[in-house]
Amino acid sequence: MDTLFENLFWVIFVGFALFFGYRILKHKGFKGAMFGARIVNTIGEVSGKSQGPISVLLKVHSLGSDAPHEILVGIEVVAKSFASWQMMPVTLTASETQQLMSLLERAVNERATA
């Protein structure tokens with residue numbers, strides 16, 4: 001019974017590794033695999049306010065898409081501290097990006113008028 005579970009573990013592990021390796025090749029890199037689309041251009045980055053030893057950085061990428069008229073934007077959230085590094089990718093469509101821009105603008109305007 002132990003051999004069955006051990007073999008099942010290795011089959012799942014190798015399957016996951018092959019799948020992620022395929023995504024890395026298809027999207028031309030590790031970050032592209034994380035976004036699920038190829039990074040065409042890095043637009044810029046913004047540093048967030050540090051919270052003690054933790055610093056946060058937001059990077060904005062223009063992403064390529066398999067659909068010819070689909071516009072994708074990637075936001076890469078990077079958190080760094082003394083002994084750790086974490087990256088979280090967020091992929092947004094054009095309409096979701098517009099919605100985020102509207103919310104950010106609202107947040108700034110709300111604080112400016114208060």
Side-chain angles (χ1 to χ4, degrees):
M1 194 67 163
D2 287 338
T3 308
L4 175 66
F5 288 117
E6 187 176 316
N7 289 340
L8 183 61
F9 167 79
W10 285 111
V11 166
I12 291 171
F13 179 78
V14 168
F16 180 76
L18 289 173
F19 172 74
F20 200 71
Y22 166 75
R23 286 179 58 101
I24 287 173
L25 292 174
K26 179 181 178 187
H27 300 298
K28 299 189 178 174
F30 177 76
K31 285 185 185 179
M34 296 292 287
F35 282 111
R38 180 176 52 86
I39 296 175
V40 175
N41 189 21
T42 299
I43 306 301
E45 57 186 50
V46 176
S47 294
K49 184 176 180 184
S50 293
Q51 299 174 3
I54 301 171
S55 65
V56 177
L57 182 69
L58 295 171
K59 295 181 182 181
V60 178
H61 305 285
S62 173
L63 303 177
S65 173
D66 293 337
H69 298 295
E70 184 178 39
I71 298 171
L72 296 176
V73 174
I75 298 175
E76 179 182 347
V77 182
V78 179
K80 295 186 267 185
S81 70
F82 172 69
S84 70
W85 179 88
Q86 180 180 6
M87 187 274 260
M88 186 172 78
V90 179
T91 303
L92 302 172
T93 62
S95 63
E96 293 166 339
T97 303
Q98 292 287 342
Q99 189 177 10
L100 175 61
M101 289 169 32
S102 174
L103 291 172
L104 291 171
E105 195 172 80
R106 240 177 76 194
V108 169
N109 291 337
E110 186 175 291
R111 294 298 300 157
T113 59

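Everything quoted here is computed from the prediction, not taken from an experiment.
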[atom1]/[X] to [atom2]/[Y] distance, rounded to the nearest 0.5 angstrom?
X: Gln98; Y: Leu92; atom1: CD; atom2: CG; answer: 11.0 Å
X: Arg38; Y: Ser62; atom1: CZ; atom2: OG; answer: 9.0 Å
X: Asn41; Y: Leu63; atom1: CG; atom2: CG; answer: 10.5 Å

Joint hydrophobic cluster, [X] plus [Y], side-chain heavy atoms closer than 4.5 Å:
X: Leu57; Y: Trp85; answer: yes
X: Leu104; Y: Val77; answer: yes
X: Val78; Y: Phe30; answer: yes
X: Ile75; Y: Val56; answer: yes
X: Val90; Y: Leu58; answer: yes

**OP:** Run through Lys59, Lys31, Lys80 and flag the one making a side-chain contact (heavy atoms from CB on, under 4.5 Å) with Met87.
**Re:**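 Answer to the side-chain contact (heavy atoms from CB on, under 4.5 Å) test with Met87 among Lys59, Lys31, Lys80: Lys31.
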**OP:** Check step by step if side chain to side chain contact (heavy atoms under 4.5 Å, CB included) holds for Thr93 and Ile71.
**Re:** CA-CA 6 Å; Thr93 62; Ile71 298 171; over 6 Å; no
What pair of heavy atoms forms the shortest contact from [X] to [Y], and how long is it?
X: Gly64; Y: Ala37; result: O-CB, 3.1 Å
X: Pro89; Y: Met34; result: CG-O, 3.6 Å
X: Ser81; Y: Ile54; result: CB-CG1, 4.0 Å
X: Leu72; Y: Ser65; result: CD1-CB, 3.9 Å

**OP:** Inspect the surroundings of CZ in Phe19 and state if more than 12 heavy atoms from other residues, nucleotides or ligands are less than 6.0 Å away.
**Re:**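 At most 12 heavy atoms, drawn from other residues, nucleotides or ligands, come within 6.0 Å of this atom.
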Original post:
If you count the non-hydrogen atoms of other residues, nucleotides and ligands that lie under 6.0 Å from CD in Gln99, is the total more than 12?
Top reply: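 No.
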**OP:** State whether the side chain of Thr91 and the backbone N or O of Phe35 hold a donor-acceptor pair below 3.5 Å, judged by distance alone.
**Re:**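 Flag set: sc Thr91 to bb Phe35 pair under 3.5 Å.
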Original post:
In the hydrophobic clustering (ILVMFWY, side-chain contacts below 4.5 Å, transitive), which residues join Val73, or is it alone?
Top reply: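 Besides Val73, the cluster holds Ile43, Val60.
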Subject >> Plane angle bin for Phe13 and Trp10 - parallel if under 30°, tilted between 30 and 60°, otherwise perpendicular >> reply: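 The arrangement is perpendicular - the two ring planes meet at more than 60°.
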